[in-house]
A.B. asks: 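Handing you a structure now.
A, B, ... follow the sequence lines: proteins, then strands. Residue 1 opens every chain. Being a predicted model, the structure only gives us computed values, none of them experimental.
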Amino acid sequence: MSEDLKILNDLSQNEYKYGFVSDFESDNAPKGLSEDIVRFISLKKKEPEWLLEWRLKAYRHWLSLKQEEPTWANIHHPKIDFQEIIYYSAPRPKPELKSLDELDPEIKATFDKLGISLEEQKRLSGVAVDAVIDSVSVKTTFREELSKLGIIFCSFSEAVHDYPDLIKKYIGSVVPMTDNFYAALNSAVFSDGSFCYIPKGVRCPMELSTYFRINSAGTGQFERTLIVADEGSYVSYLEGCTAPMRDENQLHAAVVEIYAHKNAQVKYSTVQNWYPGDKNGKGGIYNFVTKRGIAHEHSKISWTQVETGSSITWKYPSVILKGDYSIGEFYSVAVTNNMQQADTGTKMIHLGKNTKSTIISKGISGGKSNNSYRGLVKINKNADHSRNFSQCDSLLLGDQCGAHTFPYLEVHNKSAKVEHEATTSKVGEDQIFYCNQRGISTEDAVGLIVNGYCKEVFNQLPMEFAVEAQKLLAVSLEGSVG
Amino acid sequence: MPVKEFPELQEKAISHFNHLGFPGQKNEEWKYTNISPILSKTFSDSILPGGITKNEILKRFPFIRDAIFIVVENGRWNREESEFKDIPQGMKIGYVREEKNNPSIQKHFNSYADVQDDSFAALNTAFSNDSLLIQVLPGSVIEKPVFIIHVASSDEQAIVIHNRLLLVAEKNSSAKISTLFVSKTGSAETFTNAIHEIFVGENAKLEFDILQNENEKSFHICGTHVLQSANSVFSINTVSAGGKIVKNKLHIKLNGQNGENHMHGLYVASDSQLIDNHTAVYHAVPHCNSNQLYKGIIGGKAHGVFNGKIFVEKDAQKTNAYQSNKNILLSNDAVVNAKPQLEIFADDVKCSHGATTGQMDEESLFYLRSRGIGEENAKSLLNIAFANDILNAISLESFREYLSSLVETKLKDTLS
C-alpha cells in the first residue's frame with residue numbers, strides 16, 4: 001500500500017471527537033406518532049388553535065403519503081419506523097433566566113466542551129446565540145440589543161405567542177407542508193426552532209446564530225427556522241451543529257424557510273458536524289432537511305454549507321428567484337468518510353427576468369463513503385436574460401469510495417445562459433511531492449491541498465465560521481499525525 | 001405472422017415486455033420524453049418491401065454511388081435494390097439466422113441489448129425478423145464504405161418497423177459503416193424501433209455513423225449497444241434531424257484495457273420535434289479513454305433532451321473520461337433539458353463534464369455583421385460552424401458534405 005493510501009486510510013478511520021451525552025432530564029412524549037401526539041406537542045407548547053389545525057392538516061397529508069419516504073436519492077438505509085421515534089422532548093421547564101449563571105450547569109458544560117462558551121461568544125465575538133438543545137430554546141442572548149433595532153430573533157415557540165401575525169403570514173409560505181415527505185412530517189411535529197425578522201431597511205449589526213444539538217436518546221429532532229427579511233434589510237445567519245455519539249440512528253428532519261423581500265439580502269451559513277456513525281456505519285444521524293428561500297426583486301439569498309457529519313445527508317438548499325434581478329447563491333463543501341452517504345445539492349428556479357445564480361459545490365469522499373451532488377437549474381419561459389453558472393468538483397480519497405454528479409438543467413428561455421462544469425479527480429501525486437520536497441509531511445500536504453480545494457467555499461463563510469470549518473476539515477483529515 | 005427467426009429468444013423477449021410495459025415519465029430514463037403520442041396510435045407491421053428502387057436511392061444519396069449499400073425497407077432487407085456484389089474480401093454481410101450454428105457469432109447476438117430492462121429492446125427482439133449481420137473478419141481492413149439505408153416506405157398506412165443489426169469487427173480489423181434512416185414519403189406515420197449491437201474486437205478500429213432523417217410524422221427509437229475490447233478504437237457519430245419524437249440511446253462498455261472511444265452527436269430540432277439523446281459509457285477496466293461531444297440546435301417549439309452518463313467502476317483506474325453538451329436555443333418556445341451525470345468509484349481518474357445552454361454569441365454575430373454580412377446569413381454561418389464541430393468527426397468527405405448541406409437547409413427553414 002502506498003504511503004498516501006495509508007494516510008488516507010488512517011484519516012478515514014478517525015473517531016468522532018465530539019461524542020458525549022449530557023444527562024439532564026427530558027420531558028418526553030411517548031414513542032410513536034398519532035393525532036394525539038400532534039395535539040400533545042401543541043398543548044405542551046401552549047399553541048393557539050390555528051397552529052394546531054395547521055399541524056393536523058400536515059399530519060393528515062403525511063398520513064396520505066402512506067409512509068412512503070422518497071427513494072429517488074442515491075442513499076440507502078433500513079426503512080425508518082416512524083412509530084419508534086419520540087417526537088417531543090424538552091429540558092424540564094425552568095423559570096425564565098435573566099443571566100447565564102442561571103443556566104443548567106449540565107447544559108453549560110456541554111457547550112463548554114464544544115467550545116461554544118456562551119460567555120465567550122457574548123463577550124468577545126458579539127454573536128447572539130440562540131442555543132437550542134433538544135428542540136426547546138434554552139437561552140437567548142443579545143435579544144434586547146437587537147430589539148432596539150426592531151429585529152426579532154427568538155425561538156419559534158416564543159414567536160408563535162408574541163408575533164402570531166408574522167408567523168401566520170409566513171409559515172409554510174416558502175416550504176408548504178405538502179412539499180415533500182419530510183417537510184410534511186416536520187410541519188406536523190416540529191418542536192421548536194428559530195424565528196428571525198429584520199424590519200425594513202435595517203442592516204443586522206451582528207451575525208445571528210443558533211447551535212443545534214440532538215440530545216435525548218432516540219429523539220427525532222424537528223427544527224423549524226423561519227427568516228423574514230423585509231424590504232432593503234440585511235442579515236447573516238449562522239447555524240452550526242455537533243451531536244453526541246449514539247449507537248442508534250437518529251432522524252433529523254428540519255425545515256428552513258427564508259423570505260427575502262424586495263432589495264433584501266440574506267446569507268445563511270451552516271456547519272454541520274453531527275455524529276456520522278462509527279467506521280462500520282453503525283449509528284449516526286439521518287439528516288433529511290428541506291431548506292428553501294424565496295427571493296423577490298433585487299434581493300439576494302446565499303446558502304453556504306460545510307457538511308462533514310451525519311451518516312446520511314439529504315439536503316438541497318434552494319432558491320426560488322421570483323423577482324426580477326434577484327440573485328441566488330449556493331456554496332457547499334461536503335465531506336464523507338467511512339460509511340457516510342451524502343446526497344446534497346441545490347435547486348435554482350429562475351422565474352424573474354435578469355435573475356442570476358451561482359453554484360459552487362465541492363465533494364470530498366473517503367473511506368467507503370458515497371457523495372452525490374444533485375442539482376436543478378430551471379429557467380422558466382419568462383426568465384429573460386437569466387444567468388447560471390455551476391461548478392461541481394469531486395475529490396476522491398481512496399479507491400473504495402464513490403462520487404456522483406446528477407445535475408438537471410432545464411432551460412425554457414432562449415436568452416438565458418446556463419453553464420455547468422464538473423470534474424472528478426484525486427489529490428495529485430505531483431502536488432504531494434511538491435509539498436514533501438519543501439519539508440511538508442504527506443499528511444499535512446493532504447490537509448493543505450484539500451483546504452485549498454475548498455477555499456472558494458470557505459471564503460464565503462463569516463470569519464468565525466471559516467476558522468471553525470477549517471479546523472473541522474483539519475480534524476477530519478488528521479489521524480496519522482501524532 | 002411470419003415464421004420467427006429465433007423463436008426461443010423472441011418468446012422470452014415477449015415475456016420481458018409483458019413484465020416491463022411501456023415506460024412512463026416517472027421512469028428516470030424517460031423523464032423528459034413523453035411517448036404517449038406513439039402509444040395512442042395503431043401501427044401495422046404487414047407492409048412488405050417493393051416501394052423503392054435503387055435509382056431513387058442513388059438519386060437521393062449520390063454519395064453512396066461507389067459504396068456498398070444495403071437497402072432495408074420496412075425492416076426487411078430488399079436485396080434487389082441493394083448493391084453488395086463487390087463486397088471486399090474480409091467482410092461478410094448476411095442474416096444473423098444464417099449463422100445459427102456459428103458460436104462466435106451467436107455469442108454476440110442479443111447479448112448487448114438490454115432486453116430485460118428496456119421495453120423497446122424487448123419489443124425489437126420479439127418482432128424483428130430480418131436481423132442483419134455485418135462481420136469484419138480478423139485482420140481485415142475494409143477501405144470501402146458501407147451504408148445501410150433504412151427506408152420506411154409506407155405511403156399512407158401507419159406502420160411499425162423493427163430494424164436490427166449485429167456488427168462484429170473482429171480482432172485487428174478496421175471498417176467504416178454508416179446507417180441512414182429515411183422515409184419514402186412525407187405522408188405516412190411510421191414508428192421505427194431499431195437496435196444495433198456492435199462488438200469491437202481487440203485492436204479493431206470501427207467508425208459507425210447514424211443519420212436519422214425520417215419525415216416529420218415519424219417516431220424513432222434507436223438503441224445502440226457497444227462492447228469494446230482491449231486496444232480498440234470506436235467512433236460513433238449520431239446526427240438527428242427528422243422525426244416527431246426521436247430517442248437515441250447509446251451504451252458503450254469499455255471491457256478491455258487501453259480502449260478508446262469518441263462519441264459525437266448533433267441534433268437539430270424545429271417545429272414541435274422532440275429529440276432525446278441518452279448516452280452511457282461504462283469504464284469497467286483501467287487505462288481507457290472516452291470522449292463525448294453532443295451539440296443541439298433547437299428552434300420552434302421543439303424540445304431537446306440530453307442525458308449523458310459516465311460510470312467508472314472500482315477497478316477502472318487511470319480512466320480519462322470527458323463529456324460535453326452544448327445547446328443553442330433559437331426561439332423562446334424551445335426547451336432544452338440536459339442532465340450530464342458522473343458516477344465514479346475509482347480514485348485515480350480524470351473525469352469531467354460540462355454543459356451549456358444559451359444563444360448565439362452576440363459578439364461573434366456583431367463581428368460578422370460589422371463586415372457586411374446580413375443578419376440572417378451571419379446567424380446561419382455561426383450555426384453551421386457550431387454544427388460542423390460534430391460533422392467534422394465523420395471521415396467520409398462526401399457524406400459529411402451531404403450532412404452539412406442537410407443541416408444548413410434545415411436551419412434556414414427554421415430561422416426564416
A.B. asks: Can you find a heavy atom in the side chain of A:L409 that is under 4.5 Å from one in the side chain of B:V336?
C.D. replies: no
A.B. asks: So, applying side-chain contact (heavy atoms from CB on, under 4.5 Å) with B:F345, which one of A:L396, A:N370, A:D399 is it?
C.D. replies: A:N370
A.B. asks: Quick check for you: to the nearest 0.5 Å, what is the distance between A:S415 atom OG and B:Q359 atom CD?
C.D. replies: 6.0 Å
A.B. asks: Contact part of A:A422 toward chain B, heavy-atom cut-off under 4.5 Å: side chain, backbone, both or neither?
C.D. replies: both
A.B. asks: Does any heavy atom of chain A fall under 4.5 Å from the side chain of B:T357, the backbone, both, or neither of them?
C.D. replies: both
A.B. asks: Inspect the surroundings of CD in B:Q257 and state if more than 12 heavy atoms from other residues, nucleotides or ligands are less than 6.0 Å away.
C.D. replies: yes
A.B. asks: Please determine, among B:T356, B:L342, B:N325, the option with the most heavy-atom pairs under 4.5 Å with chain A.
C.D. replies: B:L342
A.B. asks: Could you look at B:L330 and say if it's the side chain, the backbone, both or neither that has a heavy atom under 4.5 Å from chain A?
C.D. replies: backbone
A.B. asks: Is it true that atom NZ of A:K368 has more than 12 heavy atoms of other residues, nucleotides or ligands lying nearer than 6.0 Å?
C.D. replies: no
A.B. asks: Go through the steps to decide whether B:N332 and A:N413 satisfy the test side chain to side chain contact (heavy atoms under 4.5 Å, CB included), and finish with yes or no.
C.D. replies: CA-CA 5 Å; B:N332 243 346; A:N413 185 299; 3.5 Å; yes
A.B. asks: Is it the case that atom NZ in A:K353 sees more than 12 heavy atoms from other parts of the structure closer than 6.0 Å?
C.D. replies: yes
A.B. asks: Taking atom CG of A:N371 and atom CD1 of B:I344, what is their separation to the nearest 0.5 Å?
C.D. replies: 12.5 Å
A.B. asks: Checking B:S352 against A:E421 for the side chain to side chain contact (heavy atoms under 4.5 Å, CB included) test, could you report, in this order, the C-alpha distance in whole Å, the side-chain angles of both residues, the deciding distance, and whether it holds?
C.D. replies: CA-CA 7 Å; B:S352 59; A:E421 275 175 31; over 6 Å; no
A.B. asks: Under 4.5 Å from any heavy atom of chain A, what part of B:K326 do you find: side chain, backbone, both or neither?
C.D. replies: neither
A.B. asks: A quick test of your reading: do over 12 heavy atoms of other residues, nucleotides or ligands sit less than 6.0 Å from NZ of B:K295?
C.D. replies: yes
A.B. asks: Should we say atom NZ of A:K347 is surrounded by more than 12 heavy atoms from elsewhere, each under 6.0 Å from it?
C.D. replies: no
A.B. asks: Drop me the distance from B:N327's CG to A:K414's NZ, to the nearest 0.5 angstrom.
C.D. replies: 15.5 Å
A.B. asks: Working to the nearest 0.5 angstrom, can you tell me the gap between A:K426 NZ and B:D347 CG?
C.D. replies: 5.5 Å
A.B. asks: For chain B, which of A:Q391, A:R387, A:E419 has the most heavy-atom pairs under 4.5 Å?
C.D. replies: A:E419
A.B. asks: Could you have a look at A:V418, A:N74, A:T423 and say which one has the most heavy-atom pairs with chain B under 4.5 angstrom?
C.D. replies: A:V418
A.B. asks: Would one find more than 12 heavy atoms of other residues, nucleotides or ligands at under 6.0 Å from atom OH of B:Y32?
C.D. replies: yes
A.B. asks: Given side chain to side chain contact (heavy atoms under 4.5 Å, CB included), test B:H353 with A:T405 step by step and report yes or no.
C.D. replies: CA-CA 10 Å; B:H353 69 202; A:T405 322; 4.1 Å; yes
A.B. asks: Run the salt-bridge test on B:D333 and A:K381 with the 4.0 Å N-O cut-off and return the result as yes or no.
C.D. replies: yes
A.B. asks: Are A:W72 and B:E28 side-chain neighbours, meaning at least one heavy-atom pair lies under 4.5 Å?
C.D. replies: no
A.B. asks: Would you say A:K79 has more than 12 foreign heavy atoms packed within less than 6.0 Å of its NZ?
C.D. replies: yes
A.B. asks: Any chance CD of A:Q437 has more than 12 other-residue heavy atoms, nucleotides or ligands included, within less than 6.0 Å?
C.D. replies: yes
A.B. asks: Please determine whether side chain to side chain contact (heavy atoms under 4.5 Å, CB included) holds for the pair A:E410 and B:K339, giving the CA-CA distance in whole Å, both sets of side-chain angles, and the decisive distance to 0.1 Å.
C.D. replies: CA-CA 9 Å; A:E410 303 182 1; B:K339 194 185 160 210; over 6 Å; no
A.B. asks: Heavy atoms only: give me the nearest B:P340-A:H420 pair and the separation to one decimal.
C.D. replies: CG-CD2, 4.2 Å
A.B. asks: Name the region of A:N388, side chain, backbone, both or neither, that has any atom closer than 4.5 Å to a heavy atom of chain B.
C.D. replies: neither
A.B. asks: So, do A:H404 and B:F311 have ring centers that fall under 6.0 Å from each other?
C.D. replies: no
A.B. asks: Using a cut-off of under 4.5 Å on heavy-atom pairs, state which of B:A338, B:A346, B:S324 scores highest against chain A.
C.D. replies: B:A338
